[in-house]
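Here's the structure we're looking at; comments come further down.
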Amino acid sequence: MPELPEVETLCRQLRQVILGRRLLSVEVLDERLGPPPAVAGLAVRQVVRRGKAVALLFHGGVAWKIHLRMTGRLLWETDYGLPVDHLRLICHFDGGRLLLIDPRRFATVDFDDEAGPSGPPDPFAAEDPAGLRREAARRRLPVKAFLLDQRLFPGIGNIYAGEILFAAAVDPRRPARDVTQEEWERIARAARAILREAVRARGTTVSDWRDLFGRPGEYQHRLKVYDRRGGPCPRCGGEIVREKVCGRGSYHCPRCQR
DNA sequence: TCCCATGTTGCTAA
DNA sequence: GTTAGCAACATGGG
């Protein structure tokens, strides 16, 4: 479910509530997550995003990495008592509880993360279009699949990849190596703008995304193509089509995305 | 009943 | 080596 803007939203909100707070105890309710870790008593030193994952860095050198996959949610709860469905993990901090909720149980928590103090650079932040084109030069897979490569663009997911390609007017099925320099420039520009705006809007709620405090995001109101099959293209009025690209539901306007 | 799902991994085969 | 396709993970919604 969550892509870069949603995970970034969680990280920012987590910093508001758990930075410097002490972790008192941990309850693992789903054995798939592994045995409960022995970090009780440690205070949170830093919260960083690693692509689509949240890393909690504790004093003492311990780090956790939380990946929400499709349906994982993090919820900060100060008002205890309401029963919560699909609760998988409870972290008791001084001041509140951090809950991991996940109906499909795909989310993972690495209680022994080894990665460093900072996350990978934001996709497109430093990437120059010439570098993108070089990277794509030998790849004939669809440009959308290329954008979903987490090693190259950590945090980009299906919704935002589709929106970025729409904004750049590039057909998601185009082989990556055929994308021109000028198109890479448009893609990089669109990616920066869309991701920034989506973070500002606290993410996209099309089904069940909620932020750390249970509120839906706002970016769904600004999606141009995702989940809009049959609708008019906001740019040219053409009909938006849905088509599988690299095994994922994909939306584009065949009239103005070339 | 069937199809779909904002993610990732691992396998098989071309 | 690259890529496509599929299944798996497990559940809920339309």
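Each chain gets a letter, A, B and so on, in the order its sequence line appears, and its residues count up from 1.
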Distance between the P atoms of B/dT8 and C/dG12, in whole angstroms?
22 Å

Less than 4.0 Å between a side-chain N and a carboxylate O, is that true for A/Arg229 and A/Glu239?
no

Quote, to the nearest angstrom, the P distance that separates B/dC4 from C/dG5.
15 Å

How long is the line joining CG of A/Asp227 and P of B/dA5, in whole Å?
9 Å

Whole-Å distance, A/Leu147 CG to B/dG7 P, equals 13 Å

With distance as the sole criterion, do the side chain of A/Arg248 and the base of B/dA5 form a donor-acceptor contact below 3.5 Å?
no

What interatomic distance, in whole Å, is found between P of B/dC2 and the corresponding atom of C/dA7?
15 Å

Would you classify A/Leu141 as touching base, sugar-phosphate or nothing, given that sugar-phosphate means primed atoms plus P, OP1 and OP2, and contacts are heavy atoms under 4.0 Å?
sugar-phosphate

Take atom CZ of A/Phe106 and atom C1' of C/dC9, then tell me their distance rounded to the nearest Å.
4 Å

Beyond-backbone contact of A/Phe58 with A/Leu23, side-chain heavy atoms, under 4.5 angstrom
yes

What contact category does A/Gly203 fall into here, base, sugar-phosphate, or nothing, at under 4.0 angstrom with non-hydrogen atoms?
nothing

For A/Tyr226 and B/dT6, is the shortest distance between a side-chain N/O and OP1 or OP2 below 4.0 Å?
yes

How close or far is atom C1' of B/dT6 from atom NE2 of A/His67, stated in whole angstroms?
11 Å

Would you say C/dG12 has OP1 or OP2 under 4.0 Å from some side-chain N or O of A/His86?
yes

Separation of B/dC4 atom P from A/Tyr251 atom OH, nearest Å, is 10 Å

Pi-cation contact, A/Phe166 with A/Arg235 (under 6.0 Å, within 45°):
yes

Complement of C/dA10, any strand, by Watson-Crick or G-U distances under 3.5 angstrom:
none

Would you kindly give the CE-to-C1' distance between A/Met70 and C/dC9, to the nearest whole Å?
11 Å

B/dT6 base to A/Ser207 side chain: any donor-acceptor pair below 3.5 Å?
yes

For B/dT6, what is the paired nucleotide under Watson-Crick or G-U wobble rules, both distances under 3.5 Å?
none

Nearest-Å distance, NZ (A/Lys244) to P (C/dT3)?
20 Å

Atom CG of A/Leu195 and atom P of B/dT6 are separated, to the nearest Å, by 17 Å

Measuring to OP1 and OP2 of B/dA5, would you say a side-chain N or O of A/Arg69 lies under 4.0 angstrom away?
no

Looking only at atom P, what distance separates B/dC3 and C/dC6, rounded to whole Å?
13 Å

Distance alone, cut at 3.5 Å: any donor-acceptor contact between the side chains of A/Tyr160 and A/Glu6?
yes

A quick test of your reading: do over 12 heavy atoms of other residues, nucleotides or ligands sit less than 6.0 Å from CZ of A/Arg15?
yes

Does A/Arg140 make a side-chain N or O approach to OP1 or OP2 of C/dT2 shorter than 4.0 Å?
no

Distance between the C1' atoms of B/dT1 and C/dC9, in whole angstroms?
23 Å

Are the charged groups of A/Glu243 and A/Arg173 less than 4.0 angstrom apart, N to O?
yes

